[in-house]
Amino acid sequence: MDITQLHYFIVAAEQEHMTRASEILDLSQSALSRSITSLEKELGVPLFDRKNRKVLLNRYGKVFLKDAKKIVGQVEISKSNLSQLIHPDFGNISISFVHSLGLNYIPSLLKEFQLANPGHTITLNEDKAPLIVKDLLTNEADLGFATQYQSFSDLDYNPIFKEKIVLIASSQHRFSQMKHIQLEEIEQENFIHYNADTELRKLIDSIFLKYNVDIHISYDGLEINSIIGLVSSNMGIALVPESVVQNFNDIKIIPILDLNIDRTIYLIHKKEGYMSKAVLFFKDFIFSYHEK
């Protein structure tokens, strides 16, 4: 049984005449008859009472007609929904991004995009990088924004910008009165750190290991919002992407002598598989956004 068979059956049932039905369907009468006979054989019950070329639904056919119309109607609704999702002017785009990009970068990007393209809808998911990769590989997301600590052969990584990682402290902290500090001075302070699964945690730990810095972690396993909140309350210091603290008056950026840390943010998507015109349009917008 397929949708075409159901469509043929509905037209024949409504016309109650094989000749008229075949003319509407632009189909030979023999082909229409074969289709309906095949449908009846699959269902195991006749659907029509036949007299010459005239056909009338029997009681089984009347019951099945209601279901057939529901099925065909739902398929048409699904086709229409999909058409709208992929339309280049008002389609849906699903993106996943790491938490630290949600404070400044993603809002700024989407604001500019939707001012120029108000018809598009965007589905957002904020998560850790490993789960973003999972979303991309299982087609739950069209595009991902994350760092590339571990790469996957099925994914395409497009570098879009670099961002400095900076040390922050509360304006009440002693560091806020200093022009700069030495890296080893961090060892004397309470350090607020990320969840072990995050790319920022892995990057920062690799820097501490490289310079043999032994930090004292006072709060652990956190995401960016909680880290900023604790730093703001003078509960410790932290290393964060520079963009996330642009609008916090009670937090100071403390330069560290002879240390430059940055991360590269990648636009990630599957190498193979369908990408709608709406997603391709948004992808092009992202590249042009960073070229300005």
Side-chain angles (χ1 to χ4, degrees), residues 2-4 72-164 197-200 202-203 223-224 241-244 246 262-292:
D2 58 35
I3 293 300
T4 301
V72 171
Q74 186 57 57
V75 169
E76 291 303 315
I77 290 171
S78 297
K79 286 166 64 177
S80 176
N81 289 342
L82 284 175
S83 178
Q84 291 188 41
L85 284 174
I86 65 174
H87 196 283
D89 295 329
F90 51 84
N92 178 264
I93 304 152
S94 175
I95 67 174
S96 291
F97 55 92
V98 290
H99 297 278
S100 56
L101 295 178
L103 286 169
N104 186 277
Y105 172 72
I106 292 295
S108 299
L109 174 71
L110 296 186
K111 181 178 180 179
E112 186 161 336
F113 176 74
Q114 299 220 274
L115 281 173
N117 305 279
H120 288 83
T121 59
I122 299 179
T123 302
L124 303 178
N125 178 52
E126 191 176 0
D127 224 323
K128 301 182 184 72
L131 295 178
I132 290 173
V133 166
K134 176 178 174 290
D135 284 347
L136 293 168
L137 293 174
T138 57
N139 299 311
E140 292 296 321
D142 297 310
L143 301 171
F145 296 82
T147 51
Q148 182 197 13
Y149 198 85
Q150 180 183 3
S151 61
F152 293 81
S153 59
D154 290 340
L155 297 177
D156 193 14
Y157 295 80
N158 302 276
I160 50 177
F161 70 95
K162 280 192 174 183
E163 181 173 33
K164 287 183 64 177
D197 291 337
T198 61
E199 302 303 293
L200 272 172
K202 295 170 185 175
L203 172 62
E223 296 295 349
I224 192 69
E242 189 173 26
S243 67
V244 306
Q246 289 180 356
D262 59 38
R263 64 171 182 172
T264 301
I265 298 298
Y266 293 84
L267 175 65
I268 313 169
H269 57 77
K270 288 183 75 172
K271 286 182 178 177
E272 298 180 358
Y274 178 74
M275 193 175 289
S276 73
K277 290 181 180 178
V279 174
L280 290 171
F281 181 77
F282 184 55
K283 181 183 173 184
D284 289 341
F285 172 85
I286 293 166
F287 291 139
S288 63
Y289 177 83
H290 286 284
E291 288 172 358
K292 293 181 181 178

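Of all the heavy atoms in Y157 and S151, the pair that sits closest is OH-CA, 3.3 Å. Across all their heavy atoms, A141 and L136 have their closest contact at O-CD2, 3.6 Å. Contact record, V244 with S100: CG1-O, 3.2 Å, taken as the closest heavy-atom pair. In plain terms, the two heavy atoms of L280 and M275 that are nearest each other are CD2-SD, 3.4 Å.
Contact of the I95 side chain with the L124 side chain is registered, since non-hydrogen atoms from C-beta on lie closer than 4.5 Å. For the pair F282 and L109, the minimum side-chain heavy-atom distance is below 4.5 Å. Taking 4.5 Å as the limit, some side-chain heavy atom of F113 sits within range of a side-chain heavy atom of I93. For the pair V133/L155, a side-chain contact is recorded, criterion being any heavy-atom separation below 4.5 Å from C-beta on. Counting only heavy atoms from C-beta outward, the side chains of L143 and V279 approach each other to under 4.5 Å. Contact of the I286 side chain with the N158 side chain is not registered, since no non-hydrogen atoms from C-beta on lie closer than 4.5 Å. The side-chain heavy atoms of D142 and K283, taken from C-beta on, include no pair separated by under 4.5 Å.
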Worked check of side-chain contact (heavy atoms from CB on, under 4.5 Å) between I268 and F152: CA-CA 10 Å; I268 313 169; F152 293 81; over 6 Å; no
Evaluation steps, ring pair (Phe, Tyr, Trp, His ring centres under 6.0 Å), between F161 and Y105: CA-CA 11 Å; F161 70 95; Y105 172 72; 4.8 Å; yes
Residues F281, N117; criterion side-chain contact (heavy atoms from CB on, under 4.5 Å); working and verdict: CA-CA 10 Å; F281 181 77; N117 305 279; 3.1 Å; yes
L203 vs T147, side-chain contact (heavy atoms from CB on, under 4.5 Å): CA-CA, chis, key distance, verdict: CA-CA 10 Å; L203 172 62; T147 51; over 6 Å; no
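Proximity of a side-chain donor or acceptor of S243 to a complementary backbone N or O of L101 within less than 3.5 Å is not detected. Between the side chain of D127 and the backbone N or O of I132, no donor-acceptor pair lies under 3.5 Å. Between the side chain of Q114 and the backbone N or O of H120 there is at least one donor-acceptor pair closer than 3.5 Å. Using modelled atom types, no side-chain atom of D156 and backbone atom of H269 make a donor-acceptor pair closer than 3.5 Å. Side-chain atoms of K271 come within 3.5 Å of backbone N or O of S153 as a donor-acceptor pair.
To the nearest 0.5 Å, atom CD1 of residue I106 and atom CZ of residue F145 are 4.5 Å apart. Here the OG1-NZ distance, from T264 to K162, works out to 4.5 Å after rounding to the nearest 0.5 Å. Annotation: the span from T121 atom OG1 to N92 atom CG amounts to 3.5 Å, rounded to 0.5 Å.
The side-chain contact (heavy atoms from CB on, under 4.5 Å) search around P107 returns none, not counting sequence neighbours. Applying the side-chain contact (heavy atoms from CB on, under 4.5 Å) test to H99 and every residue at least two apart in sequence or in another chain returns E126, E223, I224.
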